[in-house]
Amino acid sequence: MTDLFIFSKFNTVLKRLSKRRISFLILFFSVFLSFGQRKQVCFSFDDLPVVSYGMSDTIFQKELMDKLVRSIKRNKICAIGFVNESKLYHNGIDLFQVRLLKTWVNNDLDLGNHTFSHPDYNSVSFNDFYKDILAGETISNELLGARGKSLSYFRHPFLHVGDTKAKADSLSDFLASHGYRVAPVTIDNEDYLFALAYKRAKVKNDPNLMAKIGKDYVTYMEKKVRYFEIQAYRLFGRNIKQILLLHASLLNSDYVDSLAKMLRRNNYDFVSMDEALTDETYQTEISVYGKWGISWIDRWALSQRKKSDFFRDEPATPEYIKKLADFQ
C-alpha cells in the first residue's frame with residue numbers, strides 16, 4: 001500500500017468529520033506523541049516553615065520538616081519554599097520556627113516571599129499589601145544572606161494577583177522595582193484539602209484512612225498533571241515547563257517520594273524556578289482580571305477568550321476528602 005494511497009484514504013476520512021472532531025483528533029495524537037518526550041516541572045511549596053493545621057507540638061513539626069527536606073533531597077528536586085514570616089514570631093522571634101526555616105535553607109533549597117501574614121489582595125488596599133510584602137522579607141533575607149543569596153521570587157497568597165488591571169499593575173510595578181519576579185503556578189490543585197483530611201485521620205489514629213487518602217492524593221495529582229499538560233498543549237501546541245504548587249504539610253512530607261515517582265513515570269525532570277521561567281510561555285500576555293485564584297494556564301486561556309467548555313474536564317477533589325476537610 002503506497003503512502004499516496006494511505007494519505008488519500010486519511011484525507012477522505014477527515015472530510016467526513018466535523019471541524020470539532022478533527023481538532024480533537026489532532027490534539028489527541030499530538031499529546032499522545034508527546035508522552036514519550038522529556039518534560040520539566042518545578043516544585044514550589046507555600047506557607048513555610050510548615051502547615052501544621054493547629055498541631056503545635058515541636059517534635060511533630062521538626063519531624064515534618066526533616067522528612068520533607070530528606071524526600072526533596074533524595075529525589076534531587078530543586079524546590080523553592082515561599083515563607084509567611086508571621087509564623088516566625090510568637091511574643092518576639094520564635095527561634096524554633098526560625099530553625100525550621102534554617103533547615104530548609106541549609107539544605108540548599110531556595111526561599112521566596114509569600115508576604116508576612118498571607119493577606120488577600122482582593123480584600124486589602126495596595127498600600128497595606130505592599131507593606132506586608134516588605135515585612136515578610138527580613139528573616140528570610142538574613143538566612144539566605146548567610147549563604148550568599150537573597151529573596152528574588154514572590155508568590156501571591158491565594159494566587160490573587162489583583163482583580164482589576166490597575167491593581168494588578170500597581171503590584172507588578174512594585175515587585176519589579178524591589179527586585180522580585182513573580183512565581184506563577186501552572187499546575188494548581190487542592191492539595192491543602194487532602195492535607196487537612198490527612199491530618200484529621202492522623203488525629204483519629206486511623207492509619208487505614210491515612211493510607212487511602214495518600215493513595216487517592218497521588219492519583220488525583222497525576223490526573224491534575226495530565227490535565228494541565230493537555231491544556232498547555234491546547235493553548236501553545238507543545239509541552240511547557242510546568243510549575244507545581246504544593247504546601248509544606250504532613251501529607252506532602254509523607255508523599256513527596258510518591259509524587260516524584262509519579263512524575264518521573266510521566267517523563268518529568270525536576271528543575272528550579274529559574275530554569276522553569278526560561279520558557280517563553282511565561283511572557284504570554286494576561287489581559288483579563290477577576291477575583292480568581294487560578295492557574296496561569298487558566299489565566300492565559302481566559303485572555304485568549306476560551307469559553308467554559310475549554311475548562312470542563314478538570315479533575316475534581318473527591319467528595320469524601322471535602323467532607324473530611326469540612327469544605328463544601
Side-chain angles (χ1 to χ4, degrees), residues 7 10-11 13-44 155-156 158-161 163 165 168 182-191 217-246 259 262-271 273 275-318:
F7 177 79
F10 181 67
N11 194 45
V13 171
L14 285 182
K15 288 179 179 179
R16 293 174 180 171
L17 296 174
S18 67
K19 289 183 179 180
R20 183 181 180 85
R21 289 180 178 177
I22 292 172
S23 298
F24 174 79
L25 283 174
I26 292 172
L27 174 66
F28 174 81
F29 284 113
S30 297
V31 174
F32 177 79
L33 292 172
S34 77
F35 281 155
Q37 300 173 3
R38 300 308 302 175
K39 293 165 280 191
Q40 295 177 318
V41 62
C42 170
F43 276 65
S44 63
R155 167 71 52 76
H156 303 81
F158 308 106
L159 302 185
H160 291 169
V161 304
D163 55 0
K165 185 178 188 304
V182 169
V185 171
T186 56
I187 304 175
D188 190 20
N189 56 83
E190 293 182 331
D191 80 311
Y217 172 57
V218 176
T219 299
Y220 162 86
M221 290 296 284
E222 183 165 28
K223 290 177 181 178
K224 281 283 190 175
V225 167
R226 289 177 174 172
Y227 169 79
F228 282 112
E229 184 178 316
I230 289 171
Q231 294 296 83
Y233 222 100
R234 293 172 73 186
L235 288 176
F236 304 109
R238 63 177 178 87
N239 291 314
I240 69 170
K241 297 180 180 182
Q242 301 275 6
I243 300 173
L244 171 65
L245 171 61
L246 299 170
L259 291 177
M262 175 271 289
L263 285 160
R264 285 194 295 267
R265 187 173 67 246
N266 284 275
N267 297 313
Y268 276 92
D269 297 320
F270 310 137
V271 298
M273 185 67 71
E275 176 60 29
L277 292 183
T278 62
D279 192 318
E280 64 184 14
T281 300
Y282 292 100
Q283 305 303 315
T284 302
E285 181 183 5
I286 293 173
S287 58
V288 294
Y289 301 89
K291 293 185 178 295
W292 324 294
I294 55 177
S295 161
W296 263 244
I297 289 177
D298 289 339
R299 296 178 195 279
W300 295 324
L302 289 170
S303 296
Q304 292 183 22
R305 300 297 188 263
K306 299 297 183 184
K307 304 302 182 184
S308 59
D309 62 344
F310 183 86
F311 309 94
R312 66 184 173 188
D313 296 323
E314 184 168 359
T317 300

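All heavy atoms count here, side chains included; hydrogens, waters and symmetry mates do not. The model shown is predicted, which means the values in this text are computed figures rather than measured ones.
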Nearest 0.5 Å, what's the [atom1]-[atom2] distance between [X] and [Y]?
X: Cys42; Y: Leu244; atom1: SG; atom2: CG; answer: 8.5 Å
X: Gln37; Y: Tyr268; atom1: CD; atom2: OH; answer: 10.5 Å
X: Leu277; Y: Gln283; atom1: CG; atom2: CD; answer: 8.5 Å
X: Lys307; Y: Arg312; atom1: NZ; atom2: CZ; answer: 15.0 Å
X: Phe236; Y: Gln304; atom1: CZ; atom2: CD; answer: 6.0 Å
X: Asp269; Y: Arg264; atom1: CG; atom2: CZ; answer: 10.0 Å

Student check: side-chain heavy atoms of [X] and [Y] closer than 4.5 Å:
X: Phe311; Y: Leu302; value: yes
X: Asp279; Y: Gln40; value: no
X: Leu263; Y: Phe43; value: yes
X: Asp298; Y: Asp188; value: no

Give a yes or no answer on whether the side chain of [X] reaches the backbone of [Y] with a donor-acceptor pair at less than 3.5 Å.
X: Tyr282; Y: Ala276; result: no
X: Thr186; Y: Ile243; result: yes
X: Asn189; Y: Leu245; result: yes
X: Lys241; Y: Thr278; result: no

What's the shortest heavy-atom distance between [X] and [Y], and which atoms?
X: His156; Y: Trp296; answer: ND1-CH2, 4.2 Å
X: Leu235; Y: Ile297; answer: CD1-O, 3.6 Å
X: Arg155; Y: Met273; answer: NH2-CE, 4.0 Å
X: Ser287; Y: Arg305; answer: OG-NH1, 3.9 Å
X: Phe310; Y: Gln231; answer: O-NE2, 2.9 Å
X: Pro315; Y: Tyr220; answer: O-CE1, 4.3 Å

Review point. Going by atom types only, do Arg238 and Thr281 share a side-chain donor-acceptor pair under 3.5 Å?
Key: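 Their side chains do contain a donor-acceptor pair, which is all the 3.5 Å distance test asks for.
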
Point to revise | Candidate list Ile240, Asn239, Ile187, test side-chain contact (heavy atoms from CB on, under 4.5 Å), partner Glu229, passing option | key: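 For Glu229, the side-chain contact (heavy atoms from CB on, under 4.5 Å) test succeeds with only one of Ile240, Asn239, Ile187, which is Asn239.
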
Exercise for review: Report the C-alpha distance between Val225 and Glu222 in whole Å, list the side-chain angles of each, state the deciding distance to 0.1 Å, and finish with yes or no for side chain to side chain contact (heavy atoms under 4.5 Å, CB included).
Suggested key: CA-CA 5 Å; Val225 167; Glu222 183 165 28; 5.7 Å; no

Point to revise | Residues Glu314 and Lys224 bridged, charged N to O under 4.0 Å | key: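 Result for this pair is yes, salt bridge flagged.
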
